[in-house]
Amino acid sequence: MYNSKIITMKKIHIIIISGIMMNILSLYSCKKDSFLTRYPVSSLTEQNFFANANDLNTYCNGLYSYLPGSNSVALGDQQSDNYENNPFNKVVAGQLTLPTSASQAGWTWTYLHQVNYFLQNYQKANASQAVKNHYVGIARFFRAWFYFDMVKKFGDVPWYGTTILPNDDGDLYKARDPRQLVMDSVMADLTFAANNINPTGPSGTITKWTAQALLARVALHEGTFREYRGIAGWQTILQTAGSAAQAVMQSGNFKLYSTGNPKVDYLNLFLFYAPSDPQNAEVILGYYYSNTLHVTNALDGNMRAYGLSLAKGLMNSYLTINGTPFTSTPGYATQMITQEFNNRDPRMMQTALQPTVVYGDLKGAQTLGFAPTGYAQIKYYDPTTPTYNTNYNAGIDFRYGEMLLVYAEAKAELAGSGTGSFTQSDLDLSINLLRDRVGMPHLMMNVAIDPVLAASYPNVGGSLQNVILEIRRERRVELACEGFRYDDLMRWEAGPLLAQQFLGMYFPGLGTYDLDGDGQPDIALVTSKPSNPVSGVSYFVVGTDIHLSNGNSGNVVVNPTLVKTFTDPKNYYFPLPTTELLLNKNLKQNPGW
């Protein structure tokens, strides 16, 4: 009787080889010296394909399928406390259920097999070792990224450094390897990549600096993950994070995008289309589209369809224009949206839609109609392409601004624990450059501790508690809606923040409201809809169309009956699929599932 696991692995191997060869054929068929004129299709195998540098390049081009595009980046924060949507996110609510299949769980290894297959065959190419190492670096870059994503999701996972043979029961049925072993292997892959990938290349391709950027991101995540769980060795990893980020900073190849206009520069950073655009100076790796070639995405349409609705917790994080916490302003909790945007960090107005603004087809005074909290995301929204599936603004996978944040956090965490130093000069090289772009006051080493931040992150202490808390604020604000927030909460061991009730805009009571300030009412909160509604007014029945935290007043509550939970350690990891646990008795389910 055949083993279903072995049959599955055989199918994977055949599908990967067939798929790779079909991709190669399509790429080579466009060339004058057609690949088809040199080899018949029936003999196109690994024995005759990995012949030269062009073959290595062609194969590695297929690995770029792993890059996330604009949709994945701009919609990535939904699984965090930055959003509150309807329907609610099951991960955020702690209501994820056990998946049955590997595909449902994301416990899939096909892409890894494709990478390892290259690493087992590249030496056959007639090319210099330096050329080979460049492409090996690209493959190991993608293997590291793949495993980083798997470890963030599942914790311990089996490490496969080679392809799995269909009759190798040892690999097919191996147990999960310890997280530390896997992540050390990930960082070894990235170190090799950073040392061997070419420093320059066409836009949208992996360079030495992309590898340094991923190494910085991975090391910051793993270093702080271990730090806040008392796992030894975190200091060395954070030193790697700081050094990798600093290498990018000192390369001279990147800078923050700025035209000197703090009111629009941050917004426009995410509205660029081609490698030749000036915003590309900040981009370490971008995912590009083309309007002329009809290679587009549906980002705007998805942002409207998903009702991307920012949470008040994120809105409260933005400082006042004077650099003081908004939450220290008397009466801040009962300010209406018409007041909240006044005298705030300009990034707030370039991330969320103000009620007085019309942005493309989005009218600020009508946000409750498509964003349940009343705070609609405009970051990444392109007002020139409102028609569905016509977006072609690039997605940013790595940018210089993130490296500044990695540098600051890694060095501050080390110094706060007594390892290394962190000074005002470090802040000026990192956080304060981000603030300069938007005209905000500098962060100073003697900043007072914000009690709201301190309560949110009770496990932050040490001599630099005040600075670390503000760096976390800066990271949340600068990287909002770019897909970082959930991972940050997980590595900081701050998961309980997801179990809080997320709120929306505040209303003092029933009645009509002029949100855009034109002297005419825009919305009305009522107990029943009138028989003669006023033209231009959107009516919301309290308790039916809209729910408020205090009955007929208070903050909008999007999911009023939702009971959220966050259980430690269960909700720090995702569950393994039940089918894989049945197939492989050496696999053990994550705690609590």
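Values reported hereafter were calculated over all heavy atoms of this structure, with side chains retained and with hydrogens, waters and symmetry mates removed. Quantities reported herein were computed from a predicted structural model and do not represent experimental measurements.
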_L498 vs M490, test: side chain to side chain contact (heavy atoms under 4.5 Å, CB included). Steps then yes/no._
CA-CA 10 Å; L498 297 179; M490 297 300 101; 4.0 Å; yes

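- The minimum heavy-atom distance linking D81 with R476 is given by the pair O-NH2, 3.3 Å.
- For Y287 and Y289, the gap between ring centers is short of 6.0 Å.
- A side-chain donor from one of Y66 and D149 sits under 3.5 Å from a side-chain acceptor of the other.
- Each of L479, L497, L314 was scored for a side chain to side chain contact (heavy atoms under 4.5 Å, CB included) with R485, with one residue passing: L497.
- In terms of heavy atoms, Q279 sits closest to Y257 at CA-CD1, 3.6 Å.
- Of the possible donor and acceptor atoms, none in the side chain of D265 sits under 3.5 Å from a partner among the backbone N and O of S258.
- A donor-acceptor contact closer than 3.5 angstrom links the side chains of Y375 and E340.
- Although no hydrogens or angles enter the test, the distance criterion places no donor-acceptor pair under 3.5 Å between the side chain of T373 and the main chain of G504.
- Checked by atom type, the side-chain pair E413/Y228 shows a donor-acceptor distance below 3.5 Å.
- A side-chain N or O of K379 and one of Y266 form a donor-acceptor pair less than 3.5 Å apart.
- Residues R399 and L285 fail the side-chain proximity criterion, which asks for heavy atoms closer than 4.5 Å.
- A side chain to side chain contact (heavy atoms under 4.5 Å, CB included) with Y380 holds for exactly one of I396, L271, L75; it is I396.
- Relative orientation of the Y359 and Y381 rings is tilted, given thresholds of 30° and 60° on the angle between their planes.
- A pairwise comparison of heavy atoms in R475 and W492 identifies CD-CZ2, 4.2 Å as the closest pair.
- Taken to the nearest 0.5 Å, the CG atom of L404 stands 11.5 Å off from the CG atom of L427.
- The aromatic rings of W145 and F141 lie perpendicular to each other, with more than 60° between the two planes, well past the 30° mark.
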